[in-house]
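Following: one structure in structure tokens, then a few remarks.
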Amino acid sequence: MPDVATQHEARSSSAHDWPTWPPPIDDAQRDAVLRVLESRRWGSHAGDECERFAQEFADHHGVRHGVPVVNGTVALFVALRALGIGPGDEVIMPSYTFIACPTATLLTGAIPVICDVSSEHLHMTAETIREAISERTKAIMVVHIAGSPAPMDEIRELAREHGLRIVEDSAQAHGAHYRDTPVGGLGDISTFSFQSSKAMTAGEGGLMLTDDDILAEKMWSITNVGRSRGGAWYAHDELGWNLRLTELQAAILRPWLPRLEGEIAQRERFVTELQQQLDGHGLPVSIVDDPEGTTRNSRHLLVLRLAAGADREWIASALEAAGLPVDLGYPALASFGSIRDKVIARPTPRLDTVRDRLLWIRQAQMMAGADGVPHTTRALGAVLRDERAFPHQ
Ligand SMILES: *Cc1c(COP(=O)(O)O)cnc(C)c1O
């Protein structure tokens, strides 16, 4: 823990006025929510906000069909079910991701296979996935982590070679681009989340995208108690559940789409300026690289890598005390007792070399744009130059 002197310094600077997330609502959102509220068409069968939002979101990502659901976890479940994945099947996913990836897979009855990621960019690669493929593998759950698109060229080539389906978990990558193409249309199905922390949010919410007409209908049906679009109310040909988003949530989200690009650009200004400052100051920390082929990182979180020998816990609490909130990020995925005996955990030697040196700067801080960088650099400079930051060197 920081000592008294550090804490005192910290208190005076921790008053730093960061933007908050989610950002303040705008007039378009206020109008849309009131319109839906007064219409009393709150369910997606009664109104058309959900339908319109799904189509607008799909258009924005250059994909043909969008199906809204209650959240991003359920979106992954519906995507896997639509692909026919269930008991006896294996789904490969990265070890550096949120717990929803394995838990959504377990809901289908399939087995999550947790594989290693690159120590450079923290994504699965063809090499790490290949280590995890068995005769039971059916799909790869690619995660565009922290706004950074996964290296899709090599992953798609491997999937083609082995006849595997691809689900893109894009919960952290609204508006990110890989080789000038938005994420979301680079696999069979992609999934998004609109939970409070995400780049677009209605408190909760989720959505699947696909270019495939049949998968789109299947996902709609699974989400709508097995009905078919335009079919009878009490016809349930598919096994499905009520997993629908509400009209009020869609009303909050629709006006967000035209703002998304500007908000990504604002976060990018923070990162560009911070990169320059880090280069100039020679601090023992760097921004984690993007894979080759990244044309736009949507900057959901900024992942920093501390130099070897760092005491990450001390550094994180000292930064917090200095007015720069940070997160330690994900613990080892396969280490959670709740899933440990239900997954296949591949060794993760690459990730193990860096995991304990990673720190996240949150989206809210990046929303300060270049104006947020002087405070960030000051906090990093003061904390990382303290001898307690690197006791293991
Ligand atoms: C947030 C998140 C999810 C789950 O989304 P929810 O809407 O919270 O259910 C899934 N995968 C990743 C990578 C996420 O960050």
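Read the numbers this way: they start at 1 and go in the same order the structure lists the ligands and their atoms. Since this is a predicted model, take the numbers as computed values, not measurements. These numbers come from the heavy atoms of this one structure, side chains and all, not from hydrogens, waters or symmetry mates.
- Taking distance alone, with nitrogen or oxygen atoms compared against 3.5 Å, G72 approaches ligand 1 more closely than that limit.
- Side-chain contact annotation: T376 with Q365, donor-acceptor N/O pair under 3.5 Å absent.
- Those atoms of ligand 1 with a heavy atom of N71 less than 4.0 angstrom away are 7 (O), 9 (O).
- Contact annotation: for T97 versus ligand 1, heavy atoms closer than 4.0 Å belong to the side chain alone.
- Using modelled atom types, one finds no donor on one side chain facing an acceptor on the other under 3.5 Å when comparing R52 with Q55.
- Taking 4.0 Å as the cut-off between side-chain N and carboxylate O, D311 and R388 do not count as a salt-bridged pair.
- Regarding atom 3 (C) of ligand 1, its nearest protein heavy-atom neighbour is F98 CD2, 3.7 Å.
- The protein non-hydrogen atom at the shortest distance from atom 9 (O) of ligand 1 is T73 OG1, 2.5 Å.
- T201 places a side-chain N or O within donor-acceptor distance of the main-chain N or O of G203, the cut-off being under 3.5 Å.
- Here is the list of ligand 1 atoms found below 4.0 Å of a heavy atom in Q195: 7 (O), 8 (O).
- V288 and V271 are assigned to two separate hydrophobic clusters, defined by single-linkage of ILVMFWY side chains at heavy-atom distances under 4.5 Å.
- When heavy-atom distances to ligand 1 are checked against a 4.0 Å cut-off, K198 comes that close only through its side chain, counted from C-beta outward.
- Geometrically, ligand 1 and S193 share a nitrogen or oxygen pair separated by less than 3.5 Å.
- The protein non-hydrogen atom at the shortest distance from atom 11 (N) of ligand 1 is D169 OD2, 2.6 Å.
- A salt bridge between D213 and R64 is present, with a side-chain N of the basic residue lying under 4.0 Å from a carboxylate O of the acidic one.
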Point to revise | Derivation and outcome, side chain to side chain contact (heavy atoms under 4.5 Å, CB included), residues I155 and H123 | key: CA-CA 10 Å; I155 294 174; H123 286 285; over 6 Å; no
